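Keep in mind that the numbers below use all heavy atoms, side chains included, and drop hydrogens, waters and symmetry copies. Here is how names work: the chains are called A, B, and so on, in the same order as the sequence lines, proteins then strands, and each is numbered from 1. Values in this document were obtained by computation on a predicted structure and should not be read as measured data.
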Amino acid sequence: MKIATWNVNSLKVRLPHVLQWLAQEQPDVLALQETKTEDTSFPATDLEAAGYRVVYSGQKTYNGVAVLSRQPAADPVTDIPGLDDPQRRILAVTVDGWRVVDLYVPNGSEVGSEKYGYKLDWLGKVRDWLHAESQKHPRLVVLGDFNIAPDDRDVYDPKAWHEKILCSTPEREAFRGLLGLGLSDTFRQFEQPEKSYTWWDYRMNGFKRNLGLRIDHILASEGIRQDCRVCRVDTAPRALERPSDHAPVVAEFRCG
DNA sequence: ATGGTCGGTAACCGA
């Protein structure tokens, strides 16, 4: 089972990159964030022609998540029970007995802002929901744009980002809270190159200078963490013309 | 030097 996550920052603009990447990598599952596409204009036909089933939860202008899968996706959930939120940020589906939870965690804007409060509240409610999901599904993968750099080694300049958004202690505690559900940060199960990141600001030639943060993650439940064979960032799409500001992250699991 | 670049959408907001 090869499963990946990619914040595409507009699926309409990035569709050629996504189709190219699917053809090259042939993942079993690809979770997308920031599709910025209403469901009525989701490019289902193009993706199905590429051999993928599509499930999506979008809205106008902002947010939007989708899961592409080679096998059919069952039991979709688009809302956290008990959280009445118009923002389309979560999508859970079951593929081949694997529960896949696609998250687009709020950015939070600035520490202490209203959006920051929403982010922390949202993360708390997601944690409660994922606790219930983990009881129901022994094979659980939680992946997406978490908008949290878990550790200083996930930040190109930890001093400059000290207690800044994406790096603040409450955000990192919320991330550790998810790990406390028995979820493993699959990227850190393996030796990795130093200065591995998944997002680089469009400004200041951030990618060329590798001024990045690792904020996109693939978490695996206790039942499958030992089956994870590799987790890596694919920086190649970030170097293309007109790229997303995020790179895909891929994890491969031994099956059965 | 406190900027800078994208995407969506139509003057700015969000990231």
Q) Around A:Glu114, counting heavy atoms of other residues, nucleotides and ligands shown, do more than 12 lie under 6.0 Å from its CD? A)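 It does not: A:Glu114 CD has 12 such atoms or fewer within range.
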Q) What interatomic distance, in whole Å, is found between P of B:dC12 and the corresponding atom of B:dG4? A) 16 Å
(Q) Say we look at B:dA10 and B:dG14: how far apart would their C1' atoms be, to the nearest angstrom? (A)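 Going atom to atom, C1' in each nucleotide, I get 15 Å.
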Between atom [atom1] in [X] and atom [atom2] in [N], what is the gap in whole Å?
X	N	atom1	atom2	answer
A:Trp199	B:dG14	CH2	C1'	12 Å
A:His246	B:dC6	NE2	P	14 Å
A:Arg209	B:dT5	CZ	P	13 Å
A:Arg238	B:dT5	CZ	C1'	10 Å
A:Asn147	B:dA15	CG	C1'	8 Å
A:Asp245	B:dT5	CG	P	14 Å
A:Asn9	B:dC13	CG	C1'	13 Å
A:Lys36	B:dA15	NZ	C1'	7 Å

Under 4.0 Å between a Lys/Arg side-chain N and an Asp/Glu carboxylate O for [X] and [Y]?
X	Y	answer
A:Lys164	A:Asp157	no
A:Arg53	A:Glu48	no
A:Lys159	A:Asp152	no

Q.
Strictly below 4.0 Å: does A:Arg242 bring a side-chain N or O up to OP1 or OP2 of B:dG7?
A. yes
Q. Is the shortest side-chain N/O distance from A:Arg14 to OP1 or OP2 of B:dG7 below 4.0 Å?
A. yes
Select one nucleotide: of [options], the one nearest the side-chain heavy atoms of [X].
X	options	result
A:Ser10	B:dA15, B:dG4, B:dG7	B:dG7
A:Arg89	B:dG14, B:dG4, B:dA15	B:dA15
A:Arg203	B:dG4, B:dG14, B:dG8	B:dG4
A:Glu34	B:dA15, B:dG14, B:dG8	B:dA15

**Q.** Min side-chain heavy-atom separation A:Arg242-A:Arg14 under 4.5 Å
**A.** yes
Q: Using a cut-off of strictly less than 4.0 Å between a heavy atom of the residue and any atom of DNA chain B, enumerate the qualifying residues of residues 105-122 of chain A by number.
A: A:Asn107, A:Lys115
(Q) Can you tell me how far apart CG (A:Leu219) and OG (A:Ser134) are? Round to the nearest 0.5 Å. (A) 12.0 Å
**Q.** Aromatic A:Tyr52 / basic A:Arg70 pairing, under 6.0 angstrom, 45° off normal
**A.**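 Yes, A:Arg70 sits over the ring of A:Tyr52.
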Q: Please figure out whether A:Tyr202 or A:Thr35 has its closest DNA chain B nucleotide nearer the 5' end.
A: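 The residue whose closest nucleotide sits nearer the 5' end is A:Tyr202.
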